[in-house]
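One structure is given here, and the rest of the page talks about it.
Any value given below was found using the heavy atoms of this structure, including those in side chains, with hydrogens, waters and symmetry copies removed. We count ligands from 1, going down the list as the structure has it; atoms in each ligand are counted the same way.
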Amino acid sequence: MSLLTQEHELARKTAREFAEKYVDPIVRKMDRENYYPRETIRDAGELGILTPTVPAEYGGGGGDLRTAVVVLEELGRISGGFSLLVEALGILFADAVNKHASKRQKEEILPKIASGEKIGAFALSEPCCGSDAAAIQTAAVRRGGEWVINGHKMWITNGHYADYYLVAARTGPREARHKAITVFLLKRSNCVETSQIEVMGVRGTGTAEVKFNNCAASDDDIVGEVNGGWKVIVDTLNVGRTAISGVTVGIARGAFEEALKWARNRELFDRKLIEFQNTQFELAEMYASIETARTLAYYAAYLYDINSPGFLIMSHVAKLQTARIAVDVTRRAVQIEGGFGYSKESKAEMFYRDAKILEIGEGTNEVMKYVIYKLIEKGQ
Ligand SMILES: Cc1cc2nc3c(=O)[nH]c(=O)nc-3n(C[C@H](O)[C@H](O)[C@H](O)COP(=O)(O)OP(=O)(O)OC[C@H]3O[C@@H](n4cnc5c(N)ncnc54)[C@H](O)[C@@H]3O)c2cc1C
């Protein structure tokens, strides 16, 4: 049985052509200058690959989760950064809005996001709390018939350039943890202050600190229910963890292709590097790992697409294993390239730095293991 249909392969072709034509020329600029590719995001919007799962009526790609994984894989093969920013925009923001926001919110915002005209960001993590997200301190307080939001978010992808934020805020006592969190959809205004962060990899993604200073919101700006934000967050992250596995597979493939090219050209000891059996074994190991990672990512997405209860644990398994594989494969790619692999000229070097975020963002490896074990205990 194939986990992918012809439609998925069509989406792959579109994303691959787009990545090679539009993302490849800017990938080094993104990495070197932390350059945020605003125009290329608009180009991706025109092709419907910015929001692969948003319905066509809102201008999205109208695909399922497998479509998103395949698109992100193809983008990641060329640029981990571009793929990650599309994942954060198209899944963590747009897919969440599509699933949890009101019709009015969707009609107002999704077409602008899908076309790339506006940028959206998912703002959960804070300086205090990433893994322990139920302890967030950003607060929304009721004052004179409206909500007033104050708080400090951290590490927000696209955050420096966003026009809209999905903001998780505390709407009850800290002791109530996840039971007193509400998600708001905020439009950027003067009350939002951002500063870009210099990150190690996935550069050019507009990763930022975002401060909300007395931001006013109405009941209409709430996504889901008051004190029901945790459901929105968890549902979004479950889907995100599978989607980001597509980014991961792409990064590993990109590094593999670089290493293969290098090994075929590099001459030493009067032979090509590729002729040494160790090199062949390394490439075979890398290939086998990538195929394992892809299968896991596609399978997790397939389980989601058929509404299987097995999705939940598999989403976490896929995130954990694909991230480890990407770090391992990119490390091996650098090794095959030797000194060149350690230089800024090498794309494998960039992929190696990009890969590391996958063991941290959207839940660290340790958090994945925590959730997997909880689900094992529950008999899933
Ligand atoms: C480039 C980048 C982009 C990001 N994009 C976004 C975004 O768009 N939106 C957003 O909301 N967040 C985003 N994040 C934040 C990311 O999700 C968090 O960094 C991540 O969840 C880890 O949280 P933390 O940094 O607070 O680390 P901590 O939670 O402090 O973790 C530190 C270490 O402790 C370990 N640890 C934590 N809990 C346990 C435990 N129970 N048992 C054992 N070990 C544990 C962790 O695994 C980790 O190794 C991004 C981060 C980065 C770096």
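Ligand-side atoms of ligand 1 in range of Ile156: 7 (C), 8 (O), 9 (N), 10 (C), 11 (O), range being under 4.0 angstrom from any heavy atom.
For ligand 1, the polar-atom distance check against Val202 finds no nitrogen or oxygen pair separated by under 3.5 Å. Ligand 1 has no nitrogen or oxygen under 3.5 angstrom from a nitrogen or oxygen of Thr207. At a 3.5 angstrom cut-off on N or O pairs, Glu366 counts as close to ligand 1. Here's the thing with Leu84: none of its N/O atoms is less than 3.5 angstrom from an N/O atom of ligand 1. Geometrically, ligand 1 and Leu124 share a nitrogen or oxygen pair separated by less than 3.5 Å.
For the side chain to side chain contact (heavy atoms under 4.5 Å, CB included) with Leu124, the lone residue among Thr138, Thr236, Leu237 that qualifies is Leu237. Considering Glu74, Glu291, Glu258 in turn, Glu74 is the only one that fulfils the salt bridge (Lys or Arg N to Asp or Glu O under 4.0 Å) rule with Arg253. Pro127 pairs with exactly one of Met154, Gln137, Glu209 by the side chain to side chain contact (heavy atoms under 4.5 Å, CB included) rule, that one being Met154.
From the protein, the heavy atom lying nearest to atom 20 (C) of ligand 1 is Ile360 O, 3.5 Å. Among protein heavy atoms, the minimum distance from atom 37 (C) of ligand 1 is reached at Ser131 OG, 3.4 Å. At the top of the distance list for atom 23 (O) of ligand 1, counting protein heavy atoms only, stands Gly130 CA, 3.2 Å. Protein heavy atom nearest atom 7 (C) of ligand 1, with residue, atom name and distance: Trp155 O, 3.5 Å. Nearest to atom 46 (C) of ligand 1 among the protein's heavy atoms is Thr364 OG1, 3.6 Å.
Protein heavy atoms are found inside the 4.0 Å sphere centred on atom 14 (N) of ligand 1. For atom 53 (C) of ligand 1, a protein heavy-atom neighbour is present inside the 4.0 Å cut-off. Atom 30 (O) of ligand 1 is never approached by the protein to below 4.0 angstrom, counting heavy atoms only. Contact annotation for atom 41 (N) of ligand 1: protein absent (non-hydrogen atoms, distance under 4.0 Å). Remark: atom 3 (C) of ligand 1 lies closer than 4.0 Å to at least one protein heavy atom. Protein heavy atoms are absent from the space less than 4.0 angstrom from atom 35 (C) of ligand 1.
Between Lys347 and Asp24, at least one side-chain N (NZ, or NE/NH1/NH2) sits under 4.0 Å from a carboxylate O, which counts as a salt bridge. Contact check on Arg104 versus Glu107 returns no salt bridge, with no Lys/Arg side-chain nitrogen under 4.0 Å from an Asp/Glu carboxylate oxygen. At a threshold of 4.0 Å, the pair Arg66-Asp305 counts as salt-bridged, since one of the basic side-chain nitrogens sits closer than that to a carboxylate oxygen. Taking the charged nitrogens against the carboxylate oxygens, Arg266 and Glu337 have no contact shorter than 4.0 Å, which rules out a salt bridge. A salt bridge links Arg332 with Asp328: the closest approach of a Lys/Arg side-chain nitrogen to an acidic carboxylate oxygen falls below 4.0 angstrom.
Residue contacts with ligand 1, taken as heavy atom pairs separated by less than 4.0 Å, involve Thr157 via backbone and side-chain atoms alike. At a heavy-atom cutoff of 4.0 Å, ligand 1 is contacted by both the backbone and the side chain of Ser125. With a heavy-atom cut-off of 4.0 Å, Glu362 touches ligand 1 through its backbone alone. If you look at Ile357 next to ligand 1, the close heavy atoms, those under 4.0 Å, all belong to the side chain.
A side-chain donor from one of Tyr298 and Glu73 sits under 3.5 Å from a side-chain acceptor of the other.
Remark: Arg271 qualifies as a cation-pi partner of Phe276 under the 6.0 Å distance and 45° angle criteria applied to the six-membered ring.
In this structure, Tyr36 has its ring center under 6.0 Å from that of Tyr161.
Ala15 and Leu75 get closest at one heavy-atom pair: O-CD2, 4.2 Å.
When atom types are taken as modelled, the side chain of Gln105 and the backbone of Asp220 share a donor-acceptor pair closer than 3.5 angstrom.
In this structure, Phe122 is part of the shell of residues with a heavy atom less than 4.0 angstrom from ligand 1.
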